[in-house]
Amino acid sequence: RKEVEQDPGPFNVPEGATVAFNCTYSNSASQSFFWYRQDCRKEPKLLMSVYSSGNEDGRFTAQLNRASQYISLLIRDSKLSDSATYLCVVNSYYAGGTSYGKLTFGQGTILTVHP
Amino acid sequence: DAGITQSPRHKVTETGTPVTLRCHQTENHRYMYWYRQDPGHGLRLIHYSYGVKDTDKGEVSDGYSVSRSKTEDFLLTLESATSSQTSVYFCAISKRVDNSPLHFGNGTRLTVT
């Protein structure tokens, strides 16, 4: 089983639609979570961090369910500019010594928003 | 955007030649990372650095070495490039190791013929 799994899609939705992506992770020690977006042939860019209580940033809402080990991203009122690949990222931090935050990336979910 | 510059942006090289990719940051972040991104594999960590002269291996480090002689520069070297190292390479930085997100450079497209 992969450490971080996402439905690769593609998701094809019309403008104005609401779309949701889920991501599951296998390491129960994971401590922080992020969603990134990546446009074609560009670098990944941080979309939002995911907090335990859930958080919202404009049309984007992120949720975390630690018991079931999944995070979700909801996009409301989709825009053409939302077309991108969305990456789920999980950080398992190991304390002490020369430890680093082991960030594991999902393979991404492709979203295409059409007129 | 975080001040991260990767060079070169594109490179074509022949099998067996050495290649060095450079990552330069102006954010004074302690942590720096090299990833490669390939279809079907997503982003995979090659090496990372937690300070000047302090580096360690990631999950796909074979065939790669790194150096960090200054806070702002992190170099990735392919000692003898192979076709399997054709990829897009991203450098990333982060301020802390716990819940700090990564900020990526704009990538280097490397083709090994």
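Just so it is clear: chains get the letters A, B, ... in the order the sequence lines come, proteins before strands, and each one is counted from 1. Please read all numbers here as calculations on a predicted model, not as lab measurements.
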Residues of residues 10-18 of chain A within contact distance of chain B, non-hydrogen under 4.5 Å: none

Full working for side-chain hydrogen bond (donor to acceptor under 3.5 Å, both in side chains) between Ser30(A) and Arg66(A): CA-CA 9 Å; Ser30(A) 299; Arg66(A) 284 190 185 273; over 6 Å; no

Per-residue contact mode, Tyr36(A) against chain B (heavy atom under 4.5 angstrom): side chain

The single option from Tyr70(A), Trp35(A), Phe33(A) passing side chain to side chain contact (heavy atoms under 4.5 Å, CB included) against Cys23(A): Trp35(A)

Test log, rule salt bridge (Lys or Arg N to Asp or Glu O under 4.0 Å), inputs Arg37(A) and Glu43(A): CA-CA 9 Å; Arg37(A) 74 169 274 167; Glu43(A) 74 274 20; over 6 Å; no

Proximity of residues 106-113 of chain B to chain A, residues having a non-hydrogen atom under 4.5 angstrom: Asn106(B), Arg109(B)

Donor + acceptor pair across side chains of Thr109(A), Gln6(A) (<3.5 Å): yes

Residues in residues 60-69 of chain B that sit under 4.5 Å from chain A, counting heavy atoms only: none

Side chain His47(B), main chain Asp56(B), donor-acceptor under 3.5 Å: yes

Minimal non-hydrogen separation, Arg22(B) against His24(B), with atom names: NH2-ND1, 3.3 Å

For Glu14(B) against Ala81(B), the heavy-atom pair lying closest together: O-CB, 4.3 Å

Top contributor to chain A interface from Gly40(B), Gly51(B), Gly42(B) [non-hydrogen pairs under 4.5 Å]: Gly40(B)

Ring geometry between Phe105(A) and Phe104(B) (parallel below 30°, tilted from 30 to 60°, perpendicular above 60°): perpendicular

Set of side chain to side chain donor-acceptor pair (under 3.5 Å) partners for Lys53(B), sequence neighbours left out: none

Pairwise side-chain contact, Thr86(B) with Asp38(B), heavy-atom cut-off 4.5 Å (strictly under): no

From Leu103(A), Leu87(A), Ile71(A), residue fulfilling side chain to side chain contact (heavy atoms under 4.5 Å, CB included) relative to Phe34(A): Leu103(A)

Minimum side-chain heavy-atom gap Arg41(A)-Asp39(A) below 4.5 Å: no

Ring centroid separation Phe74(B) to Tyr33(B) under 6.0 Å: no

Tyr86(A) ring center near Phe21(A) ring center (under 6.0 Å): yes

